[in-house]
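Along the sequence shown, residues are numbered consecutively beginning with 1.
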Amino acid sequence: MGLANLTLSGAATYSWHVLRDYQMTFDVDYSYRGAQTQPQHIGDSGIYRAPAYFLVNSFLTFASPKQHWSATVYAQNLADRRYWLSGGTQATFYGVIPGLPRFVGARLNYTY
């Protein structure tokens, strides 16, 4: 049916106070998807099998809850893994949808 044999995910978050009115929060999460067999046949090569992949994401937030602002830096796909979300046949060729590459960003938040 094209389902992975094993799928795992998890996350851990730790927060602590910095000085008197500031707070730091660190988060890391992961996801694992085992190899995934697709029911389509590709010529003489047999059944397509998407390889397993493991992804790690993380963020670090510095916040001032009393002043209602926070600043965050984050990264998705920290190890810059190359992976496929899915694949399928289109007429005479086989195509795949690649997963997102590493992405690093930042955001500022103000709540009023």
Does [X] reach the side chain of [Y], with side-chain heavy atoms less than 4.5 Å apart?
X: Pro65; Y: Gln23; value: yes
X: Trp84; Y: Pro51; value: yes
X: Tyr110; Y: His68; value: yes
X: Tyr53; Y: Arg33; value: yes

- Just checking, is any N or O donor in the side chain of Thr25 or Thr61 under 3.5 Å from an acceptor N or O on the other one? no

- Polar contact flag, side-chain donor to acceptor under 3.5 angstrom, Asp21-Ser64: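 Not at all, the side chains of Asp21 and Ser64 share no donor-acceptor pair under 3.5 Å.
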
Looking at [atom1] of [X] and [atom2] of [Y], how far apart are the two atoms once the value is rounded to the nearest 0.5 Å?
X: Ser58; Y: Asp29; atom1: OG; atom2: CG; value: 8.0 Å
X: Phe54; Y: Asn77; atom1: CZ; atom2: CG; value: 11.0 Å
X: Arg20; Y: Lys66; atom1: CZ; atom2: NZ; value: 6.0 Å
X: Phe62; Y: Leu60; atom1: CZ; atom2: CG; value: 10.0 Å
X: Tyr74; Y: Arg107; atom1: OH; atom2: CZ; value: 6.5 Å
X: Gln36; Y: Asn5; atom1: CD; atom2: CG; value: 9.5 Å

- Which heavy atom of Leu78 sits nearest a heavy atom of Asn57, and at what distance?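 Closest heavy-atom pair between Leu78 and Asn57: CD1-C, 4.4 Å.
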
- Nearest heavy-atom approach of Ser70 to Ala63 is CB-CB, 3.7 Å

- Query: Do Tyr83 side-chain atoms and Leu100 backbone N/O form a donor-acceptor pair below 3.5 Å?
  - Reply: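 Indeed, once roles are kept as given, a pair shorter than 3.5 Å links the two residues.
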
Count I, L, V, M, F, W, Y as connected when their side-chain heavy atoms are under 4.5 Å apart, and connections chain through other members. Are [X] and [Y] then in the same cluster?
X: Tyr32; Y: Val56; value: yes
X: Ile97; Y: Phe103; value: no
X: Leu108; Y: Val73; value: no
X: Val104; Y: Tyr30; value: no

